[in-house]
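To keep things clear, I will list the structure first and then write my remarks on it.
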There are 2 protein chains.
Amino acid sequence: MITVNALSEVAALMGDPARAAMLSLLMDGRAHTASDLALTAGITAQTASGHLSRMVEGNLLAARAQGRNRFYRLASSDVAHAIESLMALAGTRATPASRTAAWRRDPDLRFCRTCYDHLAGQVGIAVTDSLTQHGYLEPKGPRDWKLTEPGELFCERLGVDLPGARQASSRHFARQCLDWSERRPHISGALGAAIADTFFKRGWAERLRRSRTVRLTDSGRRALGSHFGATV
Amino acid sequence: MITVNALSEVAALMGDPARAAMLSLLMDGRAHTASDLALTAGITAQTASGHLSRMVEGNLLAARAQGRNRFYRLASSDVAHAIESLMALAGTRATPASRTAAWRRDPDLRFCRTCYDHLAGQVGIAVTDSLTQHGYLEPKGPRDWKLTEPGELFCERLGVDLPGARQASSRHFARQCLDWSERRPHISGALGAAIADTFFKRGWAERLRRSRTVRLTDSGRRALGSHFGATV
DNA sequence: TCAATGGTTCGGCAGAGGCCGAACCATTAG
DNA sequence: CTAATGGTTCGGCCTCTGCCGAACCATTGA
């Protein structure tokens, strides 16, 4: 059956430690240069080049040339979600003896990280919960959210680029994304990305280099309290 | 980082063609003997034994001895969902040139199949849609459903074993599961499994050997019309 | 007790593929 | 033009692991 082969092929692509390290870095949703990815994976540039072209061939990554550099990013959010689901599985792999799941061992990552291009972890959940509890966001269908009229006002007041988010017409606007550490949905899609952008632009959060981990700044912690009525 | 290794390890387990073939068979939610799995994968028993113990070690499978036989099944529905998400990815891997996704090439599988232990494909979606449109099922939270009072009556009339489904207390009762061919949610969890059981027990559907494909019988087609008001 | 059947362990073989050094191409800066 | 930098291709090495034959263990049935 053709799907069996396809399954093993795509899984095998993710199943190499060096490629998994690259994919993990790319889970921050940004594009990275080939040498950057090689450094992260701890391999030479020529080895990385082989891995990268194989992942492009397998439709996991997309490549874009810019000057002397070549930038690689995840091919789609579907890829990101498949990786998240595997990570969720890996996180629960703990035996009954040592109950501590893998992600528990990195509290910073659990606290706040990027999931592709939006916020995840405790902070992502806190933001999402605040939006739903204030009636700014309502569940719509099984995997989407509806931004209510008060929600639009709130976002505008916050400085979220709503027109920009709506412009990406091919993309889901407000999507539910399962958080693998909190095991509950957080806001993703174009709106989720726009909200995350706001956090970065206003200095509420900072990306850590070579990691999906995000640091919540002091002003970010205050903003969570004043704007969202949440404490983390 | 520990999560990176965990990711590559679990992906590598799924990334071998023989193991992927076994996992694919086990996606029917049932337990299969070691020799059965070996036959499916097209390898000898001793080779299969090695694969199986590695997958048990990696918490993908659970094993149960019974007499001379040894039965293997997926360790949890999380495993099934991770595999589904990879299959969804593999299905969209088609190049722009040949746009037909992989699952399109198996219309029977797309029409009706088991997803772990419940019905999926067009039939699964038809059942789910019917239940929601009649007000028997209401979305509850992002990933669950609520069975309404009329819904309970309907299920009892149908012969669904509701007490049995409720007994599995550790399990989600009515869960939303994303259908990778229809790209919409169908009913899973204990209730989804109980409904699927009803279909098999009443002779409305039959499992095909060595496959997740399910055949809808003539009486099943009529039942869909009379009980669910649906045509497929 | 003895065969038959299902399953696992062991040992050795062979192929796949990850890795790097070296060479090569492309773009930018001086 | 030349040098520097980023990236890829090529060739060969080497490990990893999937595979099977053979032997072994466990359960069942006669």
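Shown here are the side chain to side chain contact (heavy atoms under 4.5 Å, CB included) partners of A:Ala63, two or more places apart in sequence or in another chain: A:Val56, A:Arg70, A:Tyr72. By the ring-ring contact (aromatic ring centres under 6.0 Å, His included) test, A:His51 is found to be paired with no residue, residues two or more places apart in sequence or in another chain being considered. With sequence neighbours left out, A:Ala12 forms a side chain to side chain contact (heavy atoms under 4.5 Å, CB included) with no residue at all. Judged as a side-chain hydrogen bond (donor to acceptor under 3.5 Å, both in side chains), and not counting sequence neighbours, B:Ser53 has no contacts. Under the rule for a side chain to side chain contact (heavy atoms under 4.5 Å, CB included), the partners of B:Ser85 that lie at least two apart in sequence or sit in another chain are A:Ala82, A:Ser85. Residues passing the side-chain hydrogen bond (donor to acceptor under 3.5 Å, both in side chains) test with B:Arg68, sequence neighbours excluded: none. Residues satisfying the side-chain hydrogen bond (donor to acceptor under 3.5 Å, both in side chains) criterion with B:Ser219, sequence neighbours excluded, are B:Thr217. For A:Arg215, the side-chain hydrogen bond (donor to acceptor under 3.5 Å, both in side chains) criterion is met by A:Glu206, not counting sequence neighbours.
Contacts between residues 47-56 of chain A and DNA chain C, defined by a heavy-atom separation below 4.0 Å, involve A:Thr47, A:His51, A:Arg54, listed by number.
Following rounding to the nearest Å, B:Glu57 (CD) and C:dT9 (P) show an atom-to-atom distance of 12 Å. When the P atom of C:dG17 is taken as reference, atom CD1 of A:Ile43 falls 16 Å away, rounded to whole Å. As a whole-Å value, the separation of B:Glu9 CD from D:dT17 C1' is 15 Å. For the pair A:Leu39 CG and C:dC19 P, the interatomic distance rounds to 15 Å; values are reported in whole Å. The nearest whole Å value for the distance from the CG atom in B:Asp16 to the P atom in D:dT17 is 11 Å. Between the CZ atom of B:Phe71 and the P atom of C:dT8 there is a distance of 13 Å, rounded to whole Å.
Distances shown here put a side-chain N or O of A:Thr44 below 4.0 Å from the OP1 or OP2 atom of C:dC20. Taking side-chain N and O atoms only, B:Tyr72 has no distance below 4.0 Å to OP1 or OP2 of C:dG7.
Note that CE of B:Met27 and CD1 of B:Ile83 are 5.5 Å apart. Values are rounded to the nearest 0.5 Å.
Nearest heavy-atom pair, A:His118 versus A:Ile187, reported as atom, atom and distance to 0.1 Å: CD2-O, 3.6 Å.
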Using a cut-off of under 3.5 Å, enumerate the N/O to N/O pairs linking the protein to nucleotides 10-15 of chain C.
none

Any protein N or O atoms within reach of nucleotides 2-6 of chain D? Criterion: under 3.5 Å, listing atom names and distances.
{"unit_1": "D:dG6", "atom_1": "O3'", "unit_2": "A:Asn69", "atom_2": "OD1", "d": "3.2"}

When the side chains of residues 42-50 of chain B are checked against the rest of the protein, which donor-acceptor pairs come out under 3.5 Å, sequence neighbours left out?
{"unit_1": "B:Thr44", "atom_1": "OG1", "unit_2": "B:Gln46", "atom_2": "OE1", "d": "3.4"}
{"unit_1": "B:Thr44", "atom_1": "OG1", "unit_2": "B:Thr47", "atom_2": "OG1", "d": "3.0"}

